Amino acid sequence: MSGEFDLAVVGGGPAALAAVRSYRSAGGQGAVAIVADEKRMPYRRPPLTKELMRNEISEDELPLEDEEWCATQRVALVAGRAVALDHVAHEVTLSGGRRLMYGRCLLATGAEPKRLPVPGSDDPAVRVLRSLDDLRELQTRLRGGAEVVVIGSGFIGCEIAASLRRRGHTVSLVSDEPSPNCRRLGEAAGARIARWLQDEGVKLLLGAAVDGLERRGHQLHVAAGPETLEAPVVVMAAGVTPRSELVAGALTLHDGAVPVDSTLATGLPDVLAAGDVGFAHNDAAGRPLHVEHWGDALGQGEVAGMTAAGRRAVWDDVPGFWSTIGGRTLKYAAWGDGYEDARLEDGDDGAFSVWYGRDGRVVGVLAHDRDADYERGRELIRQGAPWS
């Protein structure tokens with residue numbers, strides 16, 4: 001045994017940091033460890049696909065706290081990847097063999113990017129983007145204005161494509177969706193986002209699933225339906241998978257995510273889970289939800305930290321996030337598990353809102369340059385206001 005902690009947080013992202021802050025604020029006095037496999041202080045990830053990718057900010061602007069914070073808060077930043085969790089012995093094992101004993105453990109392991117199950121997806125020139133190291137590797141391949149193919153039309157794919165165009169790269173975006181983000185946001189919103197990307201100069205190949213990638217010299221050929229795109233660099237933004245392997249044999253997972261109640265407690269004694277790895281019950285929604293948003297990782301981490309300190313707290317926030325595609329910002333709040341009706345409302349100068357309803361209730365809102373609708377929508381969603 002190498003160490004004993006009242007709270008061991010596995011993961012170095014927003015949920016981890018928020019949990020430790022909350023634990024201390026709630027009166028938690030015990031020894032705390034953050035096990036971070038990136039071997040650095042928790043940092044902001046949203047700029048990786050926007051400001052940092054466009055070289056508008058520097059890496060030293062990313063950390064959420066400086067290293068002195070660990071000393072003042074009496075937190076051990078443990079560099080390593082957790083490979084096993086023994087919930088009976090209350091022990092976490094790291095990849096080098098080090099073992100940490102804990103009183104309570106928080107899984108804040110997040111998620112990792114998916115690679116499409118097609119030939120060629122593991123070629124070294126096919127990159128994913130989740131961490132600072134991922135961006136650094138991509139940056140080395142972008143020198144000289146390399147052409148890029150982006151696979152995926154979710155928010156991350158759209159942000160990357162627009163940012164790379166603003167860097168001066170020739171960019172094509174390919175997706176099996178008929179319009180960007182239409183599965184989540186609907187056809188009307190998807191059509192607006194498609195126009196934004198085209199305004200940025202992104203070439204769109206939509207409604208075409210990628211069948212495979214083939215290397216020919218320094219180029220990758222991306223086969224998608226009847227067309228083949230060619231570029232030396234491909235960025236795959238095809239979604240993420242929860243990093244739940246530490247408890248996969250001890251719990252029944254939900255689509256790979258760890259079920260937790262609204263206090264963020266799992267079915268294992270003294271084990272909590274927060275952020276992208278969790279399938280958490282939301283008291284306001286009245287059902288469990290899986291969310292992959294930065295702000296909700298912070299919110300869930302805060303609840304988990306209070307729970308770890310023995311204080312009563314529940315997750316009942318309406319999930320939501322902001323996305324910036326080129327120079328345009330979308331604000332989205334929703335329970336996120338589906339809708340039946342969508343209604344678009346146009347404003348001035350390209351502003352718009354989309355309202356979402358299900359079972360006769362408001363369940364979501366999307367807003368561009370209509371902040372009042374976004375704020376009002378969050379409250380209507382929380383109240384379960386009637387759809388009309």
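Note that the structure is predicted; figures quoted are calculated from it, not measured. By convention here, the first residue in the shown sequence is residue 1. FYI, side chains are in, hydrogens and waters are out, and symmetry mates aren't considered; it's all heavy atoms of this structure.
- Side chain to side chain, Ser323 and Glu159 meet the donor-acceptor criterion of an N or O pair below 3.5 Å.
- Take Arg166 and apply the salt bridge (Lys or Arg N to Asp or Glu O under 4.0 Å) test, not counting sequence neighbours, and it matches Glu200.
- With hydrogens and angles left out, the side-chain atoms of Ser95 and Arg81 include no donor and acceptor closer than 3.5 Å.
- When atom types are taken as modelled, the side chain of Arg343 and the backbone of Ser388 share a donor-acceptor pair closer than 3.5 angstrom.
- The closest side-chain donor-acceptor pair between Gln383 and Arg378, if any, does not fall under 3.5 angstrom.
- Remark: side-chain polar atoms of Tyr23 are paired, donor with acceptor, to backbone N or O of Gly30 under 3.5 angstrom.
- Nearest heavy atom pair, residue Glu137 against residue Arg141, reads OE2-NE, 2.9 Å.
- Side-chain contact annotation: Glu112 with Thr241, donor-acceptor N/O pair under 3.5 Å absent.
- Between Gly256 and Ser244, the shortest heavy-atom distance links the atoms O-OG, 2.5 Å.
- With hydrophobic clusters built from ILVMFWY side chains whose heavy atoms lie under 4.5 angstrom apart, Val240 does not share a cluster with Val277.
- Contact check for Val92 versus Arg99: no side-chain heavy atoms found under the 4.5 Å cut-off.
- In plain terms, the two heavy atoms of Ile381 and Val365 that are nearest each other are CD1-N, 3.9 Å.
- Here the side chains of His90 and Cys105 are not in contact, with every heavy-atom distance at 4.5 Å or above.
- Just one residue in the list Trp322, Trp196, Tyr374 forms a ring pair (Phe, Tyr, Trp, His ring centres under 6.0 Å) with His368, and that residue is Trp196.
- Shortest non-hydrogen contact noted between Gly301 and Ser22 is O-CB, 4.5 Å.
- The closest side-chain donor-acceptor pair between His290 and Asp255, if any, does not fall under 3.5 angstrom.
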Can you check side-chain hydrogen bond (donor to acceptor under 3.5 Å, both in side chains) on Glu38 and Tyr43, steps first, answer last? CA-CA 10 Å; Glu38 288 193 61; Tyr43 61 92; 2.6 Å; yes
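- Taking the six-membered ring where tryptophan is involved, the planes of His293 and Phe321 are tilted, since the angle between them lies from 30° to 60°.
- Clustering ILVMFWY residues whenever any of their side-chain heavy atoms sit less than 4.5 angstrom apart, transitively, puts Leu116 in the very cluster that holds Val149.
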Apply side-chain hydrogen bond (donor to acceptor under 3.5 Å, both in side chains) to Asp133 and Ser131, showing your working. CA-CA 5 Å; Asp133 287 339; Ser131 69; 5.2 Å; no
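- When all heavy atoms of Glu177 and Cys182 are compared, the closest pair comes out as OE2-N, 3.1 Å.
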